[in-house]
Amino acid sequence: MAGIWLLKSEPTVFSWDDLKAAPNQTTCWEGVRNYQARNFLRDQMAVGDRVLFYHSNANPPAIMGIAAVVKAAYPDHFAWDPQSKYFDPKSTPDMPRWFMVDIQYRRDLDPPVTLPELRRTKGLETMLLLQKGCRLSVQPVTEAQWQLILDLRS
DNA sequence: GCCAACGTTGGC
DNA sequence: GCCAACGTTGGC
């Protein structure tokens, strides 16, 4: 069974609409600079995995829709660019420290599933996103959680 | 803008 | 290896 992930993005940095407007509705997911998130991304994300696209630092924070992984992990070359805000001199082409995947738009959740709605939903209490202080920007989602979330819009 | 929670850094 | 200081995240 293919994996399921929740990816966080601040809409002022890269929004759901940005993804839909991107060439081929596809984008590389650069800028992950946390080791736990990197390990999920690098070691476990695979082509065909399902993605919940979440707007953090938004009003309200919400899952905007569904995307899919269309390219598995490869080195995040933004880490090598001194002009990039994601520059990290400790990552080199020979020894890349950071990785990214490509994701592609699949469909909207209409309307978006807001954080308060998620908190109200029975069965999602253990979802990582809802845990106090969980800042992980790449999170695994269980099949049961996925189904509960989709059921909110069907 | 505030601030709690967390992750990382670096001196020792 | 400890841990204080610092930086970041992200809801509110």
Side-chain angles (χ1 to χ4, degrees), chain A residues 3-22 27-45 49-69 72-103 105-142 144-153:
Chain A
I4 313 171
W5 306 95
L6 182 140
L7 295 184
K8 293 183 187 174
S9 187
E10 299 193 25
T12 55
V13 177
F14 188 85
S15 72
W16 183 237
D17 282 343
D18 291 335
L19 175 62
K20 293 202 274 184
T27 188
C28 59
W29 201 257
E30 80 278 14
V32 171
R33 295 291 179 272
N34 167 282
Y35 289 105
Q36 197 179 356
R38 178 204 67 182
N39 292 347
F40 280 130
L41 186 147
R42 182 190 61 189
D43 303 336
Q44 297 192 41
M45 288 183 87
D49 282 2
R50 292 154 286 173
V51 170
L52 297 171
F53 192 110
Y54 178 80
H55 274 176
S56 61
N57 258 321
N59 192 15
I63 299 172
M64 303 303 293
I66 294 163
V69 176
Y74 58 105
D76 181 346
H77 57 78
F78 291 85
W80 309 332
D81 174 5
Q83 306 307 316
S84 170
K85 66 174 173 176
Y86 299 123
F87 177 61
D88 180 354
K90 296 196 270 319
S91 184
T92 66
D94 281 346
M95 287 284 286
R97 175 171 300 208
W98 305 114
F99 293 80
M100 55 188 178
V101 296
D102 288 357
I103 66 166
Y105 170 80
R106 282 296 178 265
R107 61 187 178 87
D108 296 327
L109 288 177
D110 188 24
V113 179
T114 67
L115 183 58
E117 189 175 1
L118 291 168
R119 291 200 187 284
R120 286 197 303 271
T121 302
K122 293 280 185 293
L124 293 183
E125 296 84 358
T126 57
M127 197 177 171
L128 274 180
L129 181 73
L130 306 183
Q131 305 313 303
K132 182 172 158 184
C134 183
R135 309 189 322 197
L136 252 194
S137 62
V138 177
Q139 304 182 356
V141 174
T142 69
Q145 291 162 355
W146 166 264
Q147 201 54 57
L148 282 170
I149 292 164
L150 291 205
D151 285 349
L152 294 171
R153 291 295 177 275

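Just so it is clear: chains get the letters A, B, ... in the order the sequence lines come, proteins before strands, and each one is counted from 1.
Contacts between residues 77-100 of chain A and DNA chain C, defined by a heavy-atom separation below 4.0 Å, involve no residue at all.
Figure legend: cation-pi geometry between A:R50 and A:W146, with NZ or CZ positioned under 6.0 Å from the six-membered ring centre and within 45° of its axis.
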Review item, nucleotides 10-12 of chain C N/O atoms under 3.5 Å of protein N/O:
| unit_1 | atom_1 | unit_2 | atom_2 | d |
| --- | --- | --- | --- | --- |
| C:dG10 | OP1 | A:K8 | NZ | 2.7 |
| C:dG10 | OP1 | A:R135 | O | 2.8 |
| C:dG10 | N7 | A:N57 | ND2 | 3.4 |
| C:dG11 | OP1 | A:Y54 | OH | 2.7 |
| C:dG11 | OP2 | A:N57 | N | 3.0 |
| C:dG11 | N7 | A:N57 | OD1 | 3.4 |

Less than 3.5 Å apart, which donor and acceptor atoms pair up between the side chains of residues 122-131 of chain A and the rest of the protein, not counting sequence neighbours?
| unit_1 | atom_1 | unit_2 | atom_2 | d |
| --- | --- | --- | --- | --- |
| A:E125 | OE1 | A:G123 | N | 2.9 |
| A:E125 | OE2 | A:G123 | N | 3.3 |
| A:Q131 | NE2 | A:E125 | O | 2.8 |
| A:Q131 | NE2 | A:M127 | O | 2.8 |

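When rounded to the nearest whole Å, the span between CZ of A:R33 and P of B:dT9 equals 13 Å.
A:S15 and A:D18 share a donor-acceptor pair across their side chains, judged by distance under 3.5 Å alone. Side chain to side chain, A:Y35 and A:R97 meet the donor-acceptor criterion of an N or O pair below 3.5 Å. No hydrogens or angles considered: nothing links the side chains of A:Y86 and A:D81 as a donor-acceptor pair under 3.5 Å. A:W5 and A:D49 form a side-chain donor-acceptor contact under 3.5 Å, judged by distance and modelled atom types alone.
Taking the six-membered ring for Trp and the full ring otherwise, the centers of A:F87 and A:W98 sit at least 6.0 Å from each other.
Ring geometry for A:W29 against A:F14 counts as perpendicular: the plane angle is over 60°, on a 0 to 90° scale with 30° as the lower cut.
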